[in-house]
*Asks:* 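Following this message is one structure expressed as structure tokens.
Only heavy atoms go into these numbers, but all of them, side chains included; no hydrogens, no water, no symmetry mates. We count residues from 1, following the sequence as given.
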Amino acid sequence: MNYYTYWSISELPSNTRSFEVFFWVSIASLILWVLIKKFKEVNDDYEKLILLWTTGAVFSLSTIMFFYLQFCTTDTTEKRIQNLFNSSKVCVIEGKISDFESFRPISRRKAVTIEKFKIDSIDFQYEDALLGSFNSFTKANNGIFKNGLSVRITYGKINHEILKVEIAK
């Protein structure tokens with residue numbers, strides 16, 4: 001059966017390369033420095049001078065960090081994720097979703113939705129809590145998962161954490 005990747009841990013925003021963040025901070029601080037230099041009027045309280053020195057320091061630090069991360073370090077994130085996918089701590093299961101259930105636990109805010117389902121005899125559960133959503137599968141209320149959907153899931157053996165979801169075409 002042919003599958004397409006619906007979600008994978010390797011596609012998360014937390015896997016953004018750090019040097020790109022420093023690059024954009026450098027660009028933004030340089031633009032801000034130019035705008036302050038050109039449009040901010042000089043006052044007796046040294047406000048323009050303080051703003052110029054502050055944005056200049058941010059620009060300098062972020063530029064140094066950009067070049068350091070770009071040329072002096074090696075990003076091994078993708079390699080580590082592929083090693084995880086190929087390790088003995090990970091299993092892959094193919095099958096149809098059964099016993100799908102979406103519910104909100106009793107709480108004051110009712111802000112968390114929990115969804116759970118089975119594939120063969122393996123139970124999966126995830127939620128869309130804000131703090132729990134960093135680096136984990138949390139696509140609750142998506143309308144995609146339902147009973148009878150053919151999927152292939154790559155998951156961790158110990159806690160059944162979802163690492164990759166592929167849906168049949």
*Asks:* Is the F117 ring parallel, tilted or perpendicular to the F145 ring (thresholds 30°, 60°)?
*Replies:*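 Rings of F117 and F145: tilted, as their planes differ by 30° to 60°.
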
*Asks:* Could you state the interatomic distance from NZ (K89) to SG (C91), rounded to the nearest 0.5 Å?
*Replies:*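 Going from NZ on K89 over to SG on C91, the span is 12.5 Å.
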
*Asks:* Under 4.0 Å between a side-chain nitrogen and a carboxylate oxygen: does that hold for K48 and E41?
*Replies:*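 Salt bridge flag = no for E41 with K48.
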
*Asks:* Could you grab the distance from atom CD1 of I119 to atom CZ of F100, nearest 0.5 Å is fine?
*Replies:*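 If I round to the nearest 0.5 Å, the distance is 11.5 Å.
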
*Asks:* If I take atom CD1 from residue I144 and atom CD from residue E115, how far apart are they, to the nearest 0.5 angstrom?
*Replies:*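 Answer rounded to 0.5 Å: 11.0 Å.
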
*Asks:* How long is the span from the CG atom in L69 to the OG atom in S62, to the nearest 0.5 Å?
*Replies:*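 Reported value, rounded in 0.5 Å steps: 11.0 Å.
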
*Asks:* Do the ring planes of H160 and Y155 sit parallel (below 30°), tilted (30 to 60°) or perpendicular (above 60°)?
*Replies:*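 Geometry flag for Y155 against H160: perpendicular rings.
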
*Asks:* Do we get K164 above F85's six-membered ring, with its NZ or CZ under 6.0 Å from the centre and within 45° of the axis?
*Replies:*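 So K164 does make the cation-pi contact.
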
*Asks:* Do I153 and V92 have side-chain heavy atoms sitting under 4.5 Å apart?
*Replies:*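 No, their side chains stay 4.5 Å or more apart.
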
*Asks:* Above 12 or not: heavy atoms from other molecules or residues under 6.0 Å from OH of Y3?
*Replies:*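 It does: Y3 OH has more than 12 such atoms within range.
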
*Asks:* I'd like to know if the side chain of S26 reaches the main chain of T63, judged simply by a donor and an acceptor atom lying under 3.5 Å from each other, with no hydrogens or angles considered.
*Replies:*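 Checked: pair present.
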
*Asks:* Would you kindly confirm whether L61 and W33 end up in one hydrophobic cluster when ILVMFWY residues are joined by side chain heavy atoms under 4.5 Å apart?
*Replies:*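 Each belongs to a different hydrophobic cluster.
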
*Asks:* Among the clusters formed by ILVMFWY side chains lying less than 4.5 Å apart, do F19 and W24 turn up in the same one?
*Replies:*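 Both belong to a single hydrophobic cluster.
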
*Asks:* Checking T55 against S29: is there a side-chain donor and acceptor pair closer than 3.5 Å?
*Replies:*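 S29 vs T55: no donor-acceptor pair found between side chains.
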
*Asks:* Rounded at 0.5 Å granularity, tell me how far NZ in K40 sits from CD1 in I50.
*Replies:*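 Nearest 0.5 Å value for the NZ-CD1 distance: 10.5 Å.
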
*Asks:* Same cluster for L52 and L32 if Ile/Leu/Val/Met/Phe/Trp/Tyr side chains link at under 4.5 Å?
*Replies:*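 Yes, one cluster joins them.
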
*Asks:* Distance from E101 atom CD to N147 atom CG, nearest 0.5 Å?
*Replies:*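 Going from the CD atom of E101 to the CG atom of N147 covers 10.0 Å.
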
*Asks:* A side-chain contact here means heavy atoms from C-beta on lying under 4.5 Å apart; do F59 and I64 qualify?
*Replies:*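 Answer no - side chains too far apart.
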
*Asks:* Can you find a heavy atom in the side chain of T5 that is under 4.5 Å from one in the side chain of V165?
*Replies:*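 A side-chain contact under 4.5 Å is absent here.
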
*Asks:* Is there side-chain contact between I162 and Y126, with heavy atoms separated by less than 4.5 Å?
*Replies:*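 The answer is yes; the side chains approach within 4.5 Å.
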
*Asks:* With hydrophobic residues grouped by side-chain heavy-atom distances under 4.5 Å, do I122 and W7 end up in a single group?
*Replies:*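 Yes, one cluster joins them.
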
*Asks:* Backbone N or O of S102 within a donor-acceptor pair of the K116 side chain at under 3.5 Å?
*Replies:*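 The answer is no, because no donor-acceptor pair under 3.5 Å joins these two groups.
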
*Asks:* Between I93 and R152, is any pair of side-chain heavy atoms under 4.5 Å apart?
*Replies:*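 Answer no - side chains too far apart.
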
*Asks:* Dump the intermediate steps for side chain to side chain contact (heavy atoms under 4.5 Å, CB included) on I114 and Q125, then the final yes or no.
*Replies:* CA-CA 7 Å; I114 297 176; Q125 178 175 319; 3.6 Å; yes

*Asks:* For the residue pair L149 and K96, establish whether any side-chain heavy-atom pair is separated by less than 4.5 Å.
*Replies:*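 No; the side chains remain at least 4.5 Å from each other.
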
*Asks:* Do the side chains of E94 and V151 get nearer than 4.5 Å, heavy atoms only?
*Replies:*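 Result no, sub-4.5 Å side-chain heavy-atom pair not found.
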
*Asks:* Should V25 and F66 be counted in the same cluster of Ile, Leu, Val, Met, Phe, Trp and Tyr side chains packed under 4.5 Å apart?
*Replies:*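 Per the 4.5 Å side-chain linkage, V25 and F66 are not co-clustered.
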
